[in-house]
2 protein chains.
Amino acid sequence: MTTDLPAKRARLRDDLILAAEAAIASGGLSALKARTLAEAAGCAVGAIYNVFPDLDALIFAVNARTLERLDQVLAATIRPGTDPETAMRRLALAYHGFSRTERRRWTAVFAHQIPDGSSPPDWYLGVVGKLFRHIEGPLAELLPDAPPEVRGGLARTLFSATHGIVSLGLEEKLGPAPDEVIAQALVVMTRSWVLGLPGAVAPR
Amino acid sequence: MTTDLPAKRARLRDDLILAAEAAIASGGLSALKARTLAEAAGCAVGAIYNVFPDLDALIFAVNARTLERLDQVLAATIRPGTDPETAMRRLALAYHGFSRTERRRWTAVFAHQIPDGSSPPDWYLGVVGKLFRHIEGPLAELLPDAPPEVRGGLARTLFSATHGIVSLGLEEKLGPAPDEVIAQALVVMTRSWVLGLPGAVAPR
DNA sequence: TTGTTTTTTGAACGCTGTTCATTTTTCTTC
DNA sequence: GAAGAAAAATGAACAGCGTTCAAAAAACAA
């Protein structure tokens, strides 16, 4: 039986992430408690702090996994050559679908609040940044003349807008919002982008 | 000296809301503590619970005030007769400006998480709902043939999309996002709507 | 095996929102 | 006004939280 030290640590790290993910998936971010977690991972409460500086860092690890999963779903959504409108619509609907299927995990990604001055770790922002590239494909076909940095910014904007529609719908912060209504809103929104963006980004 | 009972209760209620708002404005939602609050409002900790069922209810009261203020800002932004593009752009930029000026208060509105099953009180959803009507004016001019319920749904969609762009930018969840970049994104977005929405909502 | 270092442990700390027996205040009745 | 009943305000106490750190256990070195 090997007791390789770094390996043991790594195993505990993984166990903690999985236990944390299970807790979040079944009860949301607020269900993540140090003591419950320690019991689930089979270690002492203090052991958590040997592997992660605090629970925030652990949450980032869980959220990164969720984003990776979303990344895979989006990647599987479109194949090269799909026309921009179909591609954008499918991406938006896939995003919406993911937020429904993985409801609690996905909510945790955006509900996670870090102390006022600080910002997410760079490696995490890298995982987030990968998501935009899915939109860049269709966007390039839609706006062949736009410079890459404009397209990059636009990809972020469209992602944010889609996110707003999906998340305010999901959290029902604006009142009840059935799935079908949100989906329809996304269809109209993406169509509007395809029709309007070429003229909107062009210099006046 | 009048000691009219309901009046005293109402005064304490107001004092608590103002103290809570001050706490949030200077340190965010997480700076709202029952004990600090009681001291600031000049009452015992227990007294809070004579007026509000819990701190969540108090937060709703504070957030409603913030939304009312936003409502007034948006109302002052456009006058009837402004063309749809200008109106929408101004509304979006006003929303963005408000989120910057009232940063912490505004963040609290959306950061406030209520327990899983429950939803915001009806009176609060009413306050939220009022916000959409500002977009409905320009939208009616842009889409004169769209039925009112379609316009209502669309107003919500555009609000949500704008919110997504502004909020993900503000919280810097996707990486650094300077004010000017967000503002430019909103300009492009609103222009795209004006160009694209008429075709997007029309039946195929 | 013994001594030294490293890692793990979980009771204890300080803080939180909320409660509820006790005190204080207010209202009613004579 | 005084005495008694009803209502409201009080703040110590409670249960829970994330986090720490002296002490114990495990791993390594000689």
Side-chain angles (χ1 to χ4, degrees), chain A residues 1-17 19-24 26-63 108 111-118, chain B residues 1-17 19-24 26-63 108 111-118:
Chain A
M1 174 182 174
T2 170
T3 42
D4 179 7
L5 259 188
K8 247 183 72 180
R9 265 181 103 92
R11 187 157 42 234
L12 176 58
R13 207 189 118 91
D14 290 351
D15 286 350
L16 282 170
I17 294 175
E21 188 169 4
I24 289 171
S26 81
L29 256 189
S30 60
L32 191 71
K33 314 283 169 180
R35 285 162 183 78
T36 324
L37 194 63
E39 194 178 8
C43 68
V45 269
I48 299 171
Y49 298 87
N50 298 335
V51 184
F52 293 99
D54 51 34
L55 290 189
D56 274 344
L58 175 52
I59 293 171
F60 274 123
V62 173
N63 286 348
H112 181 212
Q113 303 273 352
I114 45 176
D116 211 56
S118 65
Chain B
M1 173 184 175
T2 169
T3 40
D4 179 7
L5 259 186
K8 247 183 70 177
R9 266 182 102 91
R11 187 158 42 236
L12 177 58
R13 207 190 118 90
D14 290 350
D15 287 349
L16 282 171
I17 294 175
E21 189 169 3
I24 288 172
S26 81
L29 255 189
S30 59
L32 190 71
K33 314 282 169 179
R35 285 161 183 78
T36 325
L37 193 64
E39 194 179 8
C43 69
V45 270
I48 299 171
Y49 298 87
N50 297 336
V51 184
F52 293 98
D54 50 36
L55 290 189
D56 273 343
L58 175 52
I59 294 171
F60 274 123
V62 173
N63 286 349
H112 180 212
Q113 303 273 351
I114 44 174
D116 209 58
S118 66

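Values reported hereafter were calculated over all heavy atoms of this structure, with side chains retained and with hydrogens, waters and symmetry mates removed. The structure displayed is predicted, hence computed values, not measured ones. By convention in this document, chain letters (A, B, ...) are assigned in the order of the sequence lines, proteins followed by strands, and residues within each chain are numbered from 1.
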Measuring from [X]:[atom1] to [Y]:[atom2], what's the distance to the nearest 0.5 Å?
X        : Y        : atom1 : atom2 : result
Ile59(B) : Ile17(B) : CD1   : CD1   : 12.0 Å
Asp14(A) : Glu21(A) : CG    : CD    : 11.5 Å
Leu58(A) : Tyr49(A) : CG    : OH    : 9.5 Å
Phe52(A) : Ile48(A) : CZ    : CD1   : 9.5 Å
Lys33(B) : Leu55(B) : NZ    : CG    : 10.0 Å

Looking across every strand, which nucleic acid part, if any, lies under 4.0 Å from Leu58(A) by heavy atom: base, sugar-phosphate, or nothing? nothing
By the 4.0 Å heavy-atom rule, please label Leu32(B) as base, sugar-phosphate, or nothing. sugar-phosphate
Has the side chain of Arg35(A) got a donor or acceptor atom that lies under 3.5 Å from a matching backbone atom of Ala44(A)? no
Rounded to whole Å, please give me the gap between [atom1] in [X] and [atom2] in [N].
X        : N       : atom1 : atom2 : answer
Glu39(B) : dG17(C) : CD    : P     : 14 Å
Leu37(A) : dT19(D) : CG    : P     : 11 Å
Phe52(B) : dA8(D)  : CZ    : C1'   : 17 Å
Leu55(B) : dT18(C) : CG    : C1'   : 9 Å
Lys33(B) : dT18(C) : NZ    : C1'   : 15 Å
Asp56(B) : dT16(C) : CG    : C1'   : 14 Å
Ile59(A) : dT19(D) : CD1   : P     : 9 Å
Ile48(B) : dC20(C) : CD1   : C1'   : 16 Å

Between Val45(B) and Cys43(A), which residue's closest nucleotide on DNA chain C lies nearer the 5′ terminus? Cys43(A)
I want to confirm an ordering. Mapping Ala47(A) and Arg35(A) to their closest nucleotides on DNA chain C, which one lands closer to the 5' end? Ala47(A)
Asp56(A) versus His112(A), closest heavy-atom pair with distance: OD1-NE2, 2.9 Å
Given dT10(D), dC17(D), dG17(C), the nucleotide with the shortest approach to the side chain of Ala44(B): dT10(D)
Annotated protein contacts, base or backbone, on nucleotides 21-26 of chain D with a non-hydrogen cut-off under 4.0 Å, one of B, S, - each: ------
